[in-house]
Colleague: 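Below is one structure. I have some questions about it.
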Amino acid sequence: YVGVFANMIVNRTAGTVSYGIGSYGVAVNCKATGTMSYGFFVSRSFSCDANVPSNVGYIYGLHYRSVANGCGTGFYQSDAINCIAHSNSGVGYAVAGVWINCVAANNGGDGFDKASGTTSFCIAVNCVSTNNTGWGFDFATGNFGALIDCFTDANTSGTVDLKLVDFLGP
């Protein structure tokens with residue numbers, strides 16, 4: 001659905017519609033909760049909250065000052081600015097994206113994870129990753145990833161798993 005959604009709470013279970021707010025919508029101060037597949041799908045969110053256990057809080061789109069709490073994966077192939085992914089059962093931020101001033105804390109997987117086998121671009125600027133079960137920043141696979149002024153501490157697997165790339169060629 002295309003539209004602007006403000007001050008809404010969407011609580012639904014998976015069924016014929018598998019997402020809370022999506023299809024190119026803009027959400028402001030909204031909450032998506034329940035067992036749907038995606039809380040916010042192909043949307044833009046501003047000051048929103050996703051709590052979709054075992055599933056994805058935000059997929060695709062641009063998200064600002066939004067929170068993923070208690071999801072399977074917090075942010076998947078999404079750009080995020082000033083966002084928080086905490087207490088998710090899996091990864092905080094996954095696959096591809098530009099993440100600026102974001103926090104990943106107490107997640108059941110990596111804080112920031114450039115998924116294995118992908119060649120997608122990831123960049124984290126001024127981000128914090130702490131107390132996650134996996135790596136703080138796992139950028140070991142694929143070709144494109146950058147960390148700029150990031151902090152990581154107390155992650156179970158380690159702080160940074162980064163594949164070094166020779167940008168100058170042979």
Side-chain angles (χ1 to χ4, degrees), residues 1-115 118 120 122-138 150 152 154-157:
Y1 308 107
V2 176
V4 176
F5 307 94
N7 304 313
M8 289 180 54
I9 296 175
V10 177
N11 184 354
R12 57 171 57 139
T13 58
T16 57
V17 177
S18 60
Y19 50 83
I21 295 174
S23 295
Y24 309 99
V26 175
V28 180
N29 197 34
C30 292
K31 181 172 184 170
T33 184
T35 58
M36 65 197 90
S37 298
Y38 311 107
F40 295 86
F41 179 83
V42 190
S43 59
R44 310 304 181 248
S45 71
F46 302 90
S47 299
C48 290
D49 181 26
N51 183 314
V52 288
S54 301
N55 290 308
V56 177
Y58 301 85
I59 186 167
Y60 313 126
L62 171 64
H63 308 287
Y64 177 75
R65 291 185 58 198
S66 293
V67 175
N69 171 30
C71 301
T73 297
F75 296 82
Y76 183 86
Q77 287 190 333
S78 296
D79 297 325
I81 302 170
N82 298 335
C83 291
I84 299 172
H86 72 94
S87 303
N88 297 297
S89 60
V91 174
Y93 299 82
V95 181
V98 175
W99 307 307
I100 301 171
N101 300 328
C102 292
V103 174
N106 302 310
N107 294 296
D110 298 327
F112 295 83
D113 182 8
K114 185 181 173 317
T118 66
S120 302
C122 292
I123 184 170
V125 180
N126 199 35
C127 293
V128 174
S129 184
T130 185
N131 294 315
N132 297 292
T133 301
W135 290 93
F137 295 90
D138 187 356
C150 294
T152 179
N155 297 289
T156 304
S157 294

Colleague: With heavy-atom distances below 4.5 Å as the criterion, would you say the side chains of D79 and I100 are in contact?
Modeller: no

Colleague: Are the side chains of V10 and C30 in touch, meaning some heavy atoms are under 4.5 Å apart?
Modeller: no

Colleague: With heavy-atom distances below 4.5 Å as the criterion, would you say the side chains of F112 and N132 are in contact?
Modeller: no

Colleague: Distance-only, no hydrogens or angles: does the T152 side chain make a donor-acceptor pair with backbone N or O of S129 under 3.5 Å?
Modeller: yes

Colleague: How many angstroms lie between OH in Y76 and CD1 in I59, if you round to the nearest 0.5 Å?
Modeller: 6.0 Å

Colleague: Rounded to the nearest 0.5 Å, what's the gap from OG on S66 to NZ on K31? Could you check?
Modeller: 13.0 Å

Colleague: Would you say Y58 and C48 make side-chain contact, with heavy atoms under 4.5 Å?
Modeller: yes

Colleague: Are any non-hydrogen side-chain atoms of F5 and S43 less than 4.5 angstrom apart?
Modeller: no

Colleague: If you look at every heavy atom in A68 and G74, which pair is closest and at what distance?
Modeller: CB-CA, 3.5 Å

Colleague: What distance separates I84 CD1 from N101 CG, expressed to the nearest 0.5 Å?
Modeller: 11.5 Å

Colleague: If you look at every heavy atom in C122 and A96, which pair is closest and at what distance?
Modeller: SG-CA, 3.5 Å

Colleague: Show the nearest heavy-atom pair for residues A124 and C150, with the distance to one decimal.
Modeller: O-SG, 3.3 Å

Colleague: What I'd like to find out is whether the side chain of P53 reaches to under 4.5 Å of the side chain of N51, using heavy atoms alone.
Modeller: yes

Colleague: Using the rule given for side chain to side chain contact (heavy atoms under 4.5 Å, CB included), can you reason through F41 versus V56, listing the C-alpha separation, both sets of side-chain angles and the distance that settles it, and then say yes or no?
Modeller: CA-CA 9 Å; F41 179 83; V56 177; over 6 Å; no

Colleague: Atom CG in N126, atom CG in N82: separation rounded to 0.5 Å?
Modeller: 9.0 Å

Colleague: Ignoring hydrogens, what is the shortest heavy-atom contact between A50 and C71? Give both atom names and the distance.
Modeller: O-SG, 3.4 Å

Colleague: Got a second to check how far T156's OG1 is from N107's CG, nearest 0.5 Å?
Modeller: 11.0 Å

Colleague: Mind telling me whether F75 and Y93 have parallel, tilted or perpendicular rings, with 30° and 60° as the class edges?
Modeller: parallel

Colleague: Would you mind telling me which of N131, N88, T133 makes a side chain to side chain contact (heavy atoms under 4.5 Å, CB included) with N106?
Modeller: N131

Colleague: Considering only heavy atoms from C-beta outward, does the side chain of C127 approach that of F137 to under 4.5 Å?
Modeller: yes

Colleague: If you look at every heavy atom in G136 and N155, which pair is closest and at what distance?
Modeller: CA-ND2, 3.3 Å

Colleague: Supply the atom-to-atom distance D49 CG to N69 CG, rounded to the nearest 0.5 angstrom.
Modeller: 6.5 Å

Colleague: Please report the shortest heavy-atom distance between R44 and H63, naming the atom on each side.
Modeller: C-ND1, 4.4 Å

Colleague: Compare all side-chain heavy atoms of N55 with those of Y38 and state whether any distance is below 4.5 angstrom.
Modeller: no

